[in-house]
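The block underneath contains the structure these notes are about, expressed in structure tokens.
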Amino acid sequence: EEGSIELKARIHVKRDGQDLGRPLEVPLETSQVGSDIHMYGNSIGLSGFPELGPYEVIFEIVETNSDTLVEHALVIELIE
């Protein structure tokens, strides 16, 4: 399909600088919202975190047909 891209995400979760398990790798399906703009979404189940407190969630988005990589880190704080 013209204009289609293939993306995958690698999601790393860290606490106190230490990796919590292996990175999760999932394919991403996008919706094209403009000629060069694609939108996507993903979710993380908060019940899988071992305890309350701060975590760093690192998203690596890879365009598989060009190996282009974008990385973004997000700090979250789990509270009661």
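Only this structure's heavy atoms are used, side chains among them; waters, hydrogens and symmetry mates stay out. Positions are given from 1, in the same order as the sequence printed here.
- Expressed to the nearest 0.5 Å, how far OG1 of Thr30 lies from CD of Glu6 amounts to 10.0 Å.
- Among Asn65, Val70, Leu28, the single residue meeting the side-chain contact (heavy atoms from CB on, under 4.5 Å) criterion with Leu7 is Leu28.
- The line from OG1 of Thr64 to CG of Leu69 is 12.5 Å long, rounded to the nearest 0.5 Å.
- Here Ile11 contributes atom CD1 and Ile58 contributes atom CD1; the two are 11.5 Å apart, rounded to the nearest 0.5 Å.
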Could you give the side-chain donor-acceptor pairs of residues 15-23 under 3.5 Å, partners two or more places apart or in another chain?
unit_1	atom_1	unit_2	atom_2	d
Arg15	NH1	Leu52	O	3.1
Arg15	NH1	Pro54	O	3.4
Arg15	NH2	Glu51	OE2	3.1
Arg15	NH2	Leu52	O	3.4

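- When atom types are taken as modelled, the side chain of Thr68 and the backbone of Glu63 share no donor-acceptor pair closer than 3.5 angstrom.
- For residues 42-80, every residue pair satisfying the ring pair (Phe, Tyr, Trp, His ring centres under 6.0 Å) rule, not counting sequence neighbours, is listed here: Phe49-Tyr55.
- The structure places OG of Ser47 at 10.5 Å from CG of Leu78, a figure rounded to the nearest 0.5 Å.
- From Glu60, atom CD reaches atom CD of Glu71 across 5.0 Å, with rounding to the nearest 0.5 Å.
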Show, in sequence, the C-alpha distance, side-chain angles and deciding distance for Val62 and Arg10, and conclude whether the side chain to side chain contact (heavy atoms under 4.5 Å, CB included) test is met.
CA-CA 8 Å; Val62 179; Arg10 283 187 215 112; 3.8 Å; yes
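- Note that the CD atom of Glu29 and the CE atom of Met39 stand 12.5 Å from one another [nearest 0.5 Å].
- Heavy-atom contacts from other residues, nucleotides or ligands closer than 6.0 Å to CG of Leu74 number more than 12.
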